[in-house]
Amino acid sequence: MIDCLLIGHNEFSFSEYEKMVGAMGKALPAYRDLNYNFWEYKNQYYTASDVFNKFVYGNPHLNNEMGSFSIGNYFNAAVAYLGTFLDRRGHSFDYVVAYQDEKEQLAQKLLAGNIRVIAILTTLYVSVQPVLEIISFIKKYNADVKIVLGGPFIASQMKTTMDGDSLQYFLKSVDADFYVNSSQGEAALEKIINNMKNGLGYDDIDNLFYRNGSRYIRTQINPEDNKLDENMVKWQLFGDRIGTFASLRTSISCPFSCNFCAFPKQAGKYQTVGIECVERELDALQALGKVKSINFIDDTLNVPPARFKEMLKMMIKNKYDFKWNSHYRCQFADRETVALMKESGCEGVFLGIESGSQQILKNMNKSATIEKYKEGIQLLKEYGIITYASFIIGYPGETRETVQETFDFIDRYKPDFFRTQLWYCDPTTPIWAKREQYGIEGSQFKWSHDTMDAQTACNIIEEYFMTHQSSVWVPQYNFEFSAIFNLLHRGMDIDQVKTFMVLFNKGIKEKLEHPEYPEVSEDLAAEMEFMMYKNEGYVPRDNAMNVLEQEVEFDF
């Protein structure tokens, strides 16, 4: 008997997601924000990863052993952590890393009828649809197995869904047997398994909703405090399934309190692990001999700065074979640290800059200055570390003048990659308590405040997207920051990655310029396929057109 089957991420059908968002109105901000993330080509939708798979994957000069581009290229960090947690407590487990890629294997596991509990992880979800799809699949092949839901999406739903009948309706509609209402939740999952094995009830398990007849019973709330340094991943448990990419965390929560972010409140008290714990995990990954790139998933890796330097020196001492990338607060950059980053194998960093306006940074409680941002980006670029900068447009207090400061910042300091993101008005974030001060009305992507509304912010973002040339815009849906390194480790160089993204964005611009005919042109589709093959004497597979006789050049 397998005590627990862990199911990782479900990359929900983009066509279905587009249909769902579009049904609310294609002129609304939610759809306008989504519109930057996909091509329409021959009556089908293609995200950037789909475009890569159709037009570029298969190039004989790339590493095709990695398979097509998908979420399955990345080993699921939550699977690794929860599997280790259960193993340490004497429970057996199995896992599915990426639901869409492993449906056939999952069906066979379900038909075997030897699974006690299935835990569906919800780390990356923003809607319930991927969860509903997994549960429907499970019940098709095994109607008796118990299903547990937990993770950030469920914890967020519990905070925003009303109590009483509306909450009961939500729980029944999703149709799981247990819901773990905790920012952590691994202890609750372990207790569910333990009590089930021993024929016990569930009232003694904190932070739980469990099915009892036609209703769900709620147990007491008592935040978990699972020490990270006592629960580091045992990578040898997963060695047969790990490929090029692995994710590792060295901290829980975030030491900052930005007004637009609910993560620190949801994740609990900030804690870090000792460098010796990090070293043991890195040694284990090195011993597997397959990992080429590590994504540190800490919300901020380089805080505290002294600990970060100690970690870098440890990595340099051990001469690991893999590269690494992370989220990074560039206001703490100094020459010594950046030099250590480069020597230790840093390939790139995600910079949550958020605004080029000092006033908006103050409104956000970012605890940073434009001058420090400038110095940090310049140092990172000097040492050849790839920079991806994220910006929020439309935050309370934002005006066309403050937005122009952000655009001027991007144009002047030229991060390699960037994205300007429409502000998402989340009622669980600290700014919600100041909604009267800023005149905030509405929520999510439908909002206004004293100085801007969501439609105006969308217009400004679109204007900049259509004209900007100094940095390369990266789409968000099923791509984002990590995709840059996925492409690099397939054998592309940084200029080829940028060219791929420029061509993808060219397709988005065609759609925005001609909404009455949203499909990308055949010439652009052929250009995308040709971009990886020119000067190689290779004839593209589908779109061998006259346009391919022309040389395509891009300057960065």
- Task: Return the orientation label for the Phe85 and Tyr81 ring planes: parallel under 30°, perpendicular over 60°, tilted otherwise.
- Result: tilted
- Task: May I ask you to check whether His327 and Phe296 place their ring centers less than 6.0 Å from one another?
- Result: no
- Query: More than 12 foreign heavy atoms under 6.0 Å from NZ of Lys146: is that the case here?
  - Reply: no
- With a 4.5 Å limit on heavy-atom distance, are the side chains of Val474 and Tyr388 in contact? yes
- Residue Lys19 excluded, over 12 heavy atoms near NZ under 6.0 Å: no
- Query: When rounded to the nearest 0.5 angstrom, what is the spacing between NZ in Lys140 and CG in Leu111?
  - Reply: 10.0 Å
- Task: Please confirm whether Phe245 and Phe485 have ring centers closer than 6.0 angstrom.
- Result: no
- Query: Hey, are the side chains of Lys109 and Leu5 touching, using non-hydrogen atoms and a 4.5 Å cut-off?
  - Reply: yes
- Any luck finding a side-chain donor-acceptor pair between Glu463 and His468 under 3.5 Å? no
- Side-chain donor or acceptor of Asn295 paired with backbone N/O of Ile297 under 3.5 Å: no
- Task: With the side chain counted from C-beta on, respond yes when Phe93 and Leu82 share a heavy-atom pair under 4.5 Å apart, and no when they do not.
- Result: no
- Applying side chain to side chain contact (heavy atoms under 4.5 Å, CB included) between Tyr216 and each of Leu171, Asp177, Leu167, report the one that passes. Leu171
- Query: Of all heavy-atom pairs between Asp453 and Ser448, which one has the smallest distance, and what is that distance?
  - Reply: CB-CB, 3.7 Å
- Message: How long is the straight-line distance from OG of Ser443 back to OH of Tyr424, given to the nearest 0.5 Å?
- Response: 7.0 Å
- Message: Could you tell me if the side chain of Phe504 sits less than 4.5 Å from the side chain of Asn37, heavy atoms only?
- Response: no
- Item | Pro415 to Thr387 - nearest heavy-atom pair and separation | CA-OG1, 3.4 Å
- Item | For Phe69, the option from Tyr57, Phe479, Tyr46 that meets ring-ring contact (aromatic ring centres under 6.0 Å, His included) | Phe479
- Message: For Phe38 and Phe14, I'd like to know if the aromatic rings sit close, meaning centre-to-centre distance below 6.0 Å.
- Response: yes
- Message: Go through it in stages, so that I can follow the logic: the residues are Asn73 and Arg490, the test is side chain to side chain donor-acceptor pair (under 3.5 Å), and I'd like the CA-CA distance, side-chain angles, deciding distance and then a yes or no.
- Response: CA-CA 11 Å; Asn73 298 148; Arg490 291 174 182 272; 3.1 Å; yes
- Item | Flag for Asn459-Thr456: side-chain donor and acceptor within less than 3.5 Å | no
- Query: Ala80 and Phe75: which non-hydrogen atoms are nearest, and at how many Å?
  - Reply: CB-CE2, 3.8 Å
- Query: Considering all heavy atoms of both residues, which atom of Thr429 and which atom of Ala262 are nearest to each other, and what is their separation?
  - Reply: CG2-N, 3.6 Å
- Item | Salt-bridge contact Lys54-Glu529 (side-chain N to carboxylate O under 4.0 Å) | no
- Would a distance-only check, ignoring hydrogens and angles, find a side-chain to backbone donor-acceptor pair under 3.5 Å from Asn142 to Leu110? yes
- Message: Looking at Gln444 and Cys425, would you say the former's side chain and the latter's main chain have a donor-acceptor pair under 3.5 Å?
- Response: no
- Minimum heavy-atom distance Thr123-Ala78, with the two atoms named: OG1-CB, 3.9 Å
- Task: Answer yes or no: is there an ion pair linking Lys42 with Glu519, defined by an N-O contact shorter than 4.0 Å?
- Result: no
- Item | Ring center gap for Tyr45 and Tyr41 short of 6.0 angstrom | no
- Please determine, by modelled atom types, if Asp33 and Gln476 share a side-chain donor-acceptor pair under 3.5 angstrom. no
- Verdict with reasoning, Asn181 to Asn207, per side chain to side chain donor-acceptor pair (under 3.5 Å): CA-CA 5 Å; Asn181 179 20; Asn207 312 312; over 6 Å; no
- Task: Please determine if Glu18 and Lys26 form a salt bridge, counting it only when a charged side-chain N lies under 4.0 Å from a carboxylate O.
- Result: yes
- Item | Expected output: side-chain Thr219 to main-chain Ile205 donor-acceptor under 3.5 Å | yes
- Minimum heavy-atom distance between Ser49 and Asn478, given as atom pair plus value: OG-ND2, 3.0 Å
- Query: Got a second to check how far Thr47's OG1 is from Asn53's CG, nearest 0.5 Å?
  - Reply: 8.0 Å
- Query: Where the side chain of Asn505 meets the backbone of Trp473, is there a donor-acceptor pair that is under 3.5 Å apart?
  - Reply: yes
- Query: Does Lys191 pair with Asp206 as a salt bridge, N-O distance under 4.0 Å?
  - Reply: no
- Expected output: side-chain Lys511 to main-chain Asn35 donor-acceptor under 3.5 Å: yes
- How long is the gap from CG on Asp240 to NZ on Lys290, to the nearest 0.5 Å? 6.5 Å
- Query: Is Lys509 paired with Glu462 through a side-chain N to carboxylate O contact shorter than 4.0 Å?
  - Reply: no
- Ignoring hydrogens and geometry, is there a side-chain-to-backbone donor-acceptor pair from Glu190 to Glu186 under 3.5 Å? no
- Message: Please check: side-chain N/O of Lys172 versus main-chain N/O of Ser214, any donor-acceptor pairing under 3.5 Å?
- Response: yes
- Item | Side-chain donor-acceptor contact under 3.5 Å, Asn10 with Glu133 | yes
- Distance-only side-chain donor-acceptor flag, Ser521 / Glu510, under 3.5 Å: yes
- Query: Side chain of Gln455, backbone of Ala27: donor and acceptor closer than 3.5 Å?
  - Reply: yes
- Are Phe445 and Tyr31 close enough, and set up right, to give a ring-ring contact (aromatic ring centres under 6.0 Å, His included), and what steps lead you there? CA-CA 9 Å; Phe445 280 134; Tyr31 191 87; over 10 Å; no
- Query: Quick one: does Asp175's side chain have a donor or acceptor within less than 3.5 Å of a partner on Ile135's backbone?
  - Reply: no
- Student check: side-chain heavy atoms of Gln129 and Phe12 closer than 4.5 Å: yes
- Roughly how far, to the nearest 0.5 Å, is CG of Leu524 from CG of Leu503? 6.0 Å
- Query: So do the side chains of Leu149 and Phe178 get within less than 4.5 Å of each other, counting heavy atoms only?
  - Reply: no
- Task: For residues Tyr125 and His9, establish whether the separation of their ring centroids is below 6.0 Å.
- Result: yes
- Task: Output yes when Asp298 and Arg249 qualify as a salt bridge under the 4.0 Å nitrogen-oxygen rule, no when they do not.
- Result: no
- Flag side-chain contact, heavy atom, 4.5 Å: Gln105 against Val96: no
- Task: Mind running side chain to side chain donor-acceptor pair (under 3.5 Å) on Trp235 and Glu281 for me, showing each step along the way?
- Result: CA-CA 7 Å; Trp235 288 105; Glu281 283 208 27; 2.8 Å; yes
- If we only count heavy atoms from C-beta on, is the Met452 to Trp423 side-chain gap below 4.5 Å? no
- Just do the salt bridge (Lys or Arg N to Asp or Glu O under 4.0 Å) check on Lys506 and Glu527 with the steps written out, would you? CA-CA 11 Å; Lys506 188 176 178 180; Glu527 196 176 353; 3.2 Å; yes
- Query: Are the aromatic ring centres of Tyr36 and Phe465 under 6.0 angstrom apart?
  - Reply: yes
- Task: State the OG-OH distance between Ser293 and Tyr74, to the nearest 0.5 angstrom.
- Result: 8.5 Å
- Are the charged groups of Lys446 and Glu441 less than 4.0 angstrom apart, N to O? no
